[in-house]
Amino acid sequence: MDSFGVSALVSIVVSIVCIGLSWWALQIFRFDLFVKKADSAQTKLLQIMLSIFIGHGVADFFMEYLGWSLMLQNFIK
């Protein structure tokens, strides 16, 4: 039962870190070329939604990779 809790905690931490990194990476992107009002709340919401979308995808990749790596232990035994 403890492994589920640890797995959930690792998933949460990895997701938040990846979302934060994608938010940080999106700060360099020039949204003013694509939106009418670059400083509007709608543009900030778009940045937040994009960072969640990208960060969630990256976190899913890392969590699946970790799961596959842990499954390799069964292959070796």
Side-chain angles (χ1 to χ4, degrees):
M1 189 63 94
D2 283 336
S3 66
F4 290 119
V6 171
S7 176
L9 183 62
V10 168
S11 294
I12 290 170
V13 169
V14 168
S15 293
I16 290 177
V17 167
C18 288
I19 290 170
L21 286 173
S22 64
W23 169 262
W24 175 70
L26 282 174
Q27 297 304 305
I28 195 88
F29 191 74
R30 291 193 53 195
F31 282 97
D32 59 336
L33 298 175
F34 301 100
V35 296
K36 291 180 184 177
K37 298 176 186 175
D39 294 332
S40 68
Q42 292 168 326
T43 303
K44 289 296 177 189
L45 179 62
L46 178 63
Q47 286 178 316
I48 291 169
M49 291 173 69
L50 281 173
S51 65
I52 291 170
F53 179 75
I54 295 168
H56 180 70
V58 172
D60 275 350
F61 169 76
F62 282 120
M63 292 310 298
E64 284 183 10
Y65 190 82
L66 177 64
W68 295 332
S69 299
L70 293 174
M71 281 187 226
L72 285 177
Q73 293 174 353
N74 298 331
F75 182 69
I76 294 171
K77 289 182 180 180

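All values below were derived from every heavy atom in this structure, side-chain atoms included, with hydrogens, water molecules and symmetry-related copies excluded.
Residues Val13 and Leu21 share a hydrophobic cluster, clusters being chains of Ile/Leu/Val/Met/Phe/Trp/Tyr side chains in contact below 4.5 Å. Hydrophobic clustering of Ile, Leu, Val, Met, Phe, Trp and Tyr side chains at less than 4.5 Å, counting indirect connections, unites Val58 with Phe61. With hydrophobic clusters built from ILVMFWY side chains whose heavy atoms lie under 4.5 angstrom apart, Phe29 shares a cluster with Leu33. In the hydrophobic clustering of ILVMFWY residues, with side-chain heavy atoms under 4.5 Å counting as a link, Leu9 and Ile16 come out apart. The cluster map of Ile, Leu, Val, Met, Phe, Trp and Tyr, joined by side-chain heavy atoms under 4.5 Å apart, puts Leu45 and Ile54 in different clusters.
Put simply, OG on Ser11 and CG on Leu66 are 8.5 Å apart, with the number rounded to the nearest 0.5 Å. We find the CH2-CD1 distance between Trp23 and Ile52 to be 9.5 Å, quoted to the nearest 0.5 Å. Put simply, OG1 on Thr43 and CG on Asp32 are 9.5 Å apart, with the number rounded to the nearest 0.5 Å. Atom CZ of residue Phe34 and atom CG of residue Leu46 lie 11.0 Å apart, to the nearest 0.5 angstrom. To the nearest 0.5 Å, atom CD of residue Gln27 and atom OG of residue Ser22 are 10.0 Å apart. Considering CD of Glu64 and CE of Met71, their distance stands at 9.0 Å, rounded to 0.5 Å.
At most 12 heavy atoms of other shown residues, nucleotides or ligands fall within 6.0 angstrom of atom CZ in Phe53. Under a cut-off of 6.0 angstrom, the local environment of CZ in Phe62 is sparse, with at most 12 non-hydrogen atoms contributed by other residues, nucleotides or ligands.
Listed for the Ser7 side chain is no donor-acceptor partner under 3.5 Å among the backbone atoms of Ser3.
Residues Leu26 and Gln47 share a closest heavy-atom pair of CD1-O, 3.8 Å.
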